[in-house]
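For reference, the structure is listed below as structure tokens.
In what follows, chains are A, B, ... by sequence order, proteins preceding strands, each numbered from 1.
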Amino acid sequence: MADIRKEFIEQAKMLARSAEVLPGGGEHGVEELAAKLQHSHDTGVPLRVKLGMDPTRPDLHLGHTVVMRKLRKFQELGHKLVLIVGGATAMVGDPSGKSETRPSLTKEQVDENARSYFEQMGKVLDISGAEVVNNADWLHKLNFMELLQLAGKITVAQMMTRDDFAKRYAEGKPISVHEFFYPLMQAYDSVVIDSDIEFGGTDQRFNTLLGRDIQAAYGKKYPQIVMLLPLIEGTDGAVKMSKTYPEHCISLTDDAKNMFGKLMSIPDTLILKYYELLTDISDADLKTLDAQLKDASVNPRDIKLKLAFTITAEYHGQAGAQSGQDEFINVVSNKGLPEDIPEVIGSNGKNILDLLVESDFVASKGEAKRLIQGGGVKLLAQDGALVEKIADMGYVINLTDDVILQAGKRKYAKLVARN
RNA sequence: GGGUAGGUGCCCGAGUGGCUAAAGGGAGCAGACUGUAAAUCUGCCGUCGCGAGACUACGAUGGUUCGAAUCCGUCCCUGCCCA
């Protein structure tokens, strides 16, 4: 692979930003990528870039978009996106430490989930231009001998180098044999679809690299390289954004106001990372922001507002982002009332606890009580002025005029006086 | 098959007969503060009940006991060692 032309090195560098390119990593990784790009250019054959997805819970969040945004760049350069719906792999589930064999999804469920996936992915990627396949189509047809042949390409020791396995083994935690097959299945996919580059989060290091090895073992001369992108933390700032913790996820299906608000709730320490991985910001601008964040005279909130605006705009347009920002400033900064307050009719004469539970503001009466004890339940006038803070558990609603009920920071209901 | 260590609340994890609805941490919620739904501090954090209290809960099940997450039997699951 000698003589890689400079333009491809440059292109590879651009594409590799924030990513880890394997094998090699760093400079070497960039060269590997450049070689692929050049070869594709010279032969006129687009690169086949692979992304696999589990069609289990079809709820994509911003964490997924880190990889998707990168894929979009490849699409823009004319390369072929190959999306693999994990109809077969979904039954195993990527080993995470709590694995069980999952019940197999019916074809209909897989299709349904996949459809939902594509709809959400379509916000970032060009799905119509992608090749979409389901690995159940080939994995379910493998017979036992073929399976053994596949399994024979790797040793247990190699398998155990996977961090998750090694760790669990060291800690004396269970590892089921079938979990070994997840990486193998994913790797075999690479053989079948003949991928040139596989994408994933950094947690996909082992699986994707195994794909490279298995491709080679099945005779592919230039096996796939791997591009890994960082995982981003969820809104709590500590744990990776993952559907295991939906309360920390910023979902692509969140409405503009919620998306904006959730973005504002990330810890300040995450601002740069979000900027880098979730927007198209230039390196230079990133540096400027870094400097501003270290400058005590700049309020990090303002930078975060811009971040929230940029990202929200990508999914909900300028207008959506604007409404999200207006709402945030109005409600959070100025402690005003949100725009859309649901009306509740017929609350007159009701006990406050029952009302809170019925309106789904709290999950139980106990929680309602705690909320009241904590001073979180208030009645406000139409203009937001405090009418009274409810402190009595036995409080009974007695309306003469419409009044706004506030429960906690973000829950409001307009209690209508007429019945 | 034998030995041994375990299975605790959303998660991690302490607890070995009453003082345990169960330490501590994380997550979550609220309040204060703040130009952030950031940070920090404080409180809350099983269900029902205004309340006294009742109920449910420490793998499952059956016992012992005035009383069990804690003791005993059986079963299920997991790790390690031996075979």
Side-chain angles (χ1 to χ4, degrees), chain A residues 96-101 165-177 179 233-250 254-275 292-309 311-312 324-338 350-358 360-378 386 389-396 405-412:
Chain A
S96 64
K98 291 204 172 180
S99 12
E100 305 149 4
T101 309
F165 290 145
K167 211 168 143 208
R168 274 199 276 161
Y169 191 69
E171 288 172 0
K173 290 194 175 147
I175 301 170
S176 293
V177 171
E179 294 183 63
E233 287 82 0
T235 51
D236 70 322
V239 186
K240 304 298 170 201
M241 198 180 285
S242 144
K243 51 193 171 188
T244 314
Y245 303 102
E247 69 273 25
H248 303 156
C249 285
I250 303 174
D254 279 338
D255 64 43
K257 287 169 190 172
N258 246 330
M259 184 180 278
F260 197 98
K262 284 187 185 178
L263 282 163
M264 289 306 290
S265 81
I266 65 169
D268 293 351
T269 50
L270 235 45
I271 295 177
L272 273 188
K273 191 167 185 180
Y274 269 46
Y275 251 117
Q292 285 178 344
L293 281 170
K294 286 175 182 143
D295 179 348
S297 69
V298 178
N299 187 333
R301 188 208 57 169
D302 295 330
I303 299 174
K304 206 150 67 171
L305 276 173
K306 274 185 228 155
L307 171 72
F309 192 96
I311 295 177
T312 307
Q325 174 159 320
D326 291 346
E327 177 93 351
F328 183 84
I329 291 177
N330 177 32
V331 176
V332 180
S333 301
N334 300 333
K335 306 213 185 284
L337 295 172
K350 273 196 182 143
N351 174 273
I352 184 66
L353 295 173
D354 294 325
L355 182 61
L356 287 170
V357 174
E358 279 169 30
D360 273 339
F361 283 177
V362 293
S364 68
K365 284 199 184 182
E367 196 179 320
K369 269 179 261 176
R370 285 175 229 130
L371 192 61
I372 291 174
Q373 271 159 7
V377 180
K378 295 165 208 162
L386 181 67
K389 189 181 261 193
I390 296 179
D392 174 17
M393 305 297 160
Y395 188 92
V396 173
L405 172 70
Q406 179 180 12
K409 284 181 196 169
R410 275 175 273 162
K411 290 166 186 159
Y412 296 86

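When heavy atoms are screened at a 4.0 angstrom cut-off, A:Asp392 is found touching no nucleic acid atom at all. The residue A:Pro267 sits close only to the backbone: its heavy atoms come under 4.0 Å of sugar-phosphate atoms, none of a base. Among the atoms of the strands shown, only primed sugar atoms or phosphate atoms (P, OP1, OP2) are found under 4.0 Å from some heavy atom of A:Ile266.
Minimum atom distance to the side chain of A:Lys369 is reached by B:G51, of the listed B:A39, B:G28, B:G51. Of the candidates B:U36, B:A27, B:A30, B:U36 carries the atom nearest the A:Phe328 side chain, counting heavy atoms from C-beta on. Residue A:Leu353 places its side chain closer to B:C50 than to any other of B:C44, B:A38, B:C50. For A:Tyr169, the listed nucleotide lying nearest its side chain is B:C80; candidates were B:G28, B:U36, B:C80. The side chain of A:His248 lies closest to B:G28, out of B:U36, B:G28, B:A37. Side chain of A:Asp268, nearest nucleotide from B:A38, B:C80, B:A27: B:A38.
Across all strands shown, B:G51 remains unpaired; no Watson-Crick or G-U wobble contact has both distances below 3.5 Å. In this entry B:G1 has B:C82 as its Watson-Crick or G-U wobble partner, both defining distances falling under 3.5 Å. Taking a pair to require two hydrogen-bonding distances under 3.5 Å in either a Watson-Crick or a G-U wobble arrangement, B:U64 remains unpaired. Partner assigned to B:A37 is none, using Watson-Crick or G-U wobble distances below 3.5 angstrom. Judged by Watson-Crick or G-U wobble contacts below 3.5 Å, the nucleotide B:U56 has no partner. Across all strands shown, B:A14 forms no Watson-Crick or G-U wobble pair with both key distances under 3.5 Å. Pair assignment for B:G6 gives B:C77, based on Watson-Crick or G-U wobble hydrogen-bonding distances that are each under 3.5 Å. As the counterpart of B:G43, B:C29 is assigned, both hydrogen-bonding distances of the Watson-Crick or G-U wobble pattern falling under 3.5 Å.
Atom name P, nucleotides B:U16 and B:G28: the rounded distance is 31 Å, in whole Å. Taking the P atom of each, B:C10 and B:G2 are spaced 35 Å apart, rounded to whole Å. If you take atom C1' in B:G7 and the same atom in B:U61, they sit 15 Å apart, rounded to whole Å. The gap from the C1' atom of B:C77 to that of B:U42 amounts to 42 Å, rounded to the nearest Å. Across the P atoms, B:A21 and B:C45 are found 14 Å apart, a figure rounded to whole Å. Rounded to whole Å, the separation between the P atoms of B:C72 and B:G6 comes to 12 Å. Taking atom P in both B:G3 and B:G73, one finds a spacing of 13 Å when rounded to whole Å. For the C1' atoms, the distance linking B:A23 with B:G9 amounts to 13 Å, nearest Å.
Between the CG atom of A:Asp360 and the C1' atom of B:C29 there is a distance of 16 Å, given to the nearest Å. Between the CD1 atom of A:Ile352 and the P atom of B:C50 there is a distance of 13 Å, given to the nearest Å. Rounded to whole angstrom, the span from the CG atom of A:Asn330 across to the P atom of B:A37 amounts to 13 Å. In this structure, A:Arg410 places its CZ atom 6 Å from P of B:C29, rounding to the nearest Å.
Using a 4.0 Å cut-off, no side-chain N or O of A:Lys411 falls inside it from OP1 or OP2 of B:A30. Of the side-chain N and O atoms in A:Thr269, none sit less than 4.0 angstrom from OP1 or OP2 of B:A39. Not one side-chain nitrogen or oxygen of A:Ser265 sits closer than 4.0 Å to the OP1 or OP2 atom of B:A38. A:Lys365 has a side-chain polar atom (N or O) that falls below the 4.0 Å cut-off from OP1 or OP2 of B:G49. An OP1 or OP2 oxygen of B:U47 is reached within less than 4.0 angstrom by a side-chain nitrogen or oxygen of A:Arg370.
The base of B:U36 is not paired with the side chain of A:Lys409 by any donor and acceptor separated by under 3.5 Å.
RNA chain B is contacted by both A:Glu247 and A:Lys335; A:Glu247 maps to the nucleotide lying nearer its 5′ end (nearest heavy atom per residue). Of the two residues contacting RNA chain B, namely A:Gly172 and A:Gly261, the nearest-nucleotide position lying further toward the 5' end is that of A:Gly261.
No side-chain donor-acceptor contact under 3.5 Å links A:Asn330 to the backbone of A:Lys335.
Within the model, atoms CD of A:Glu247 and CG of A:Asp236 stand 8.0 Å from one another, a figure rounded to the nearest 0.5 Å.
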| message | Applying salt bridge (Lys or Arg N to Asp or Glu O under 4.0 Å) to A:Lys365 and A:Asp354, what does each step give before you reach the verdict? | response | CA-CA 7 Å; A:Lys365 284 199 184 182; A:Asp354 294 325; 2.6 Å; yes

